[in-house]
Amino acid sequence: MISDDQEIRRAAAILRGGGIVAFPTETVYGLGADAFNPLAVARIFEIKNRPFFDPLILHIADFNDLSKLVMDIPIHAERLIHRFWPGPLTLVLSKKDEVPDIVTAGLPTVAVRMPQHPIALDLIQKAGCPIAGPSANPFGYVSPTTAGHVREQLGDQVDLILDGGPCEVGLESTIISFIGEKPRLLRPGGLPLEEVEPIIGKVEMNLIEESGPSSPGRLPKHYAPQTPVVVDWREKDLDNYRNKKVGLLAFREVNVSLPFQQVELLSPKGDLREAAANLFAAIRRLDALTLDFILAEPVPEVGLGRAIMDRLRRASHREG
Ligand code: TXA
Ligand code: MG
């Protein structure tokens, strides 16, 4: 059931008291704490089993709150804010001293976004503080796009789960850093680059892990289910899967002739928005079947397709 005003009030009180609330955003569900309460923020890391070197995003609901968190706002960042906030865009900027180190993993920078979900905005306003919040999943697993996903994995560890229905976007926010000379994409996400570049020009895009964990969402293995995911397969490889329990994650139609245990079509009408919104729930359904493999069909790498393929590749990365 969608959370009502009373429940949002209760959630805000829990946050003010140092508790942890899972909350809906338009991208994925977040696991929230009062950003200025380091003990509460520490609990987020514990619950997620998240390494302390992985900084959190701050969620705000009022444009004026940004200048309380960051040193300055470059003109290009400001343009993006005016155009896309509230929305699936996170900006990395130089932080003010007041932002606790545990939020930023000791980095001199902080990631901030204004989510576009009425419950998230209402919660932040009622709590009266920025909410530090990663996606509400165990570290490294697929992000939750329904309150049920959060309940299944973290239910007994959070103080309250707000329900805002299924997330409209279904992919985490696009992260752009304004720290270097040029704006740089740290994570492709719910806001396609094609919408960003007409406003601020070319965005640098070296997503390769060239330097430490400045954004673990960029670790080669991340966003992964238990079941091995295979993305780079060819028609000729299919014989290897014939005697296995295999699920198919397909974009708009089934082009493969294996007997699949289950097929998930992301968007029969071939719409990348719809595919993005369905992606994580479909991966979870397949993951629940204890299959040997999930075969994923590629989607066109334009617009949201870029972020979808990014998540599929990271989900498919095998260690060792
Ligand atoms: O859509 C979203 O962004 C969701 C919703 C809940 O807002 N949040 C989310 O948070 O995906 P999380 O923690 O799962 O991913 C945030 C990513 C991490 O990869 C983290 O390393 C990166 O943002 N990040 C946070 N602060 C950063 C910073 N100061 N510099 C570089 N990367 C940063
Ligand atoms: Mg995450």
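Side chains are part of it too, since the values below use all heavy atoms of this structure and drop only hydrogens, waters and symmetry mates. Given the structure is predicted, the values throughout are model-derived calculations rather than measurements. First listed ligand is number 1; within each ligand, the first listed atom is number 1.
- The distance criterion of under 3.5 Å between nitrogen or oxygen atoms is not met by Glu172 with respect to ligand 1.
- Salt-bridge check for Arg306 with Asp310: failed, with every basic side-chain N at 4.0 Å or more from each acidic carboxylate O.
- With respect to the salt-bridge test (charged N to carboxylate O, under 4.0 angstrom), the residues Arg284 and Asp287 do not qualify.
- Heavy-atom minimum distance, Ile81 versus Leu66: CD1-CD2, 3.4 Å.
- With atom 6 (C) of ligand 1 as the reference point, the heavy atom nearest to it among Ser173, Pro108, Gly30, Pro55 is part of Gly30.
- Those atoms of ligand 1 with a heavy atom of Ile57 less than 4.0 angstrom away are 3 (O), 8 (N), 9 (C), 10 (O), 16 (C).
- For Thr109, heavy-atom contacts with ligand 1 shorter than 4.0 Å involve the backbone as well as the side chain.
- At a 4.0 Å cut-off, not a single heavy atom of Thr104 sits close enough to ligand 1 to count as contact.
- The aromatic rings of His59 and Phe23 stand perpendicular to each other, their planes meeting at an angle above 60°, with 30° marking the opposite boundary.
- Contacts between Arg113 and ligand 1, counted as non-hydrogen atom pairs separated by less than 4.0 Å, involve the side chain only.
- Arg187 has no carboxylate O lying under 4.0 Å from a charged side-chain N of Glu172, or vice versa, which leaves the two without a salt bridge.
- Of all the atoms in ligand 1, the ones that sit under 4.0 Å from a non-hydrogen atom of Leu186 are 31 (C), 32 (N).
- Residue-ligand proximity, Asp54 to ligand 1, at heavy-atom distances under 4.0 Å covers atoms 18 (C), 20 (C), 21 (O).
- Residue contacts with ligand 1 for His117 are absent, since no atom lies close enough (heavy atoms, distance under 4.0 Å).
- Remark: the backbone N or O of Val92 is not paired with any side-chain donor or acceptor of Thr109 at under 3.5 angstrom.
- Atom CG of Asp163 sits about 7.5 Å away from atom OG1 of Thr146, to the nearest 0.5 Å.
- Which parts of ligand 1 touch Thr27 is read off a 4.0 Å heavy-atom cut-off, strictly below it: atoms 1 (O), 2 (C), 4 (C), 5 (C).
- Put simply, part of His59 is less than 4.0 Å from ligand 1, judged by heavy atoms.
- Using a 4.0 Å cut-off between charged side-chain N and carboxylate O, Arg113 and Glu26 make a salt bridge.
- The Mg ion (ligand 2) has an N, O or S atom of Ser135 closer than 2.8 Å.
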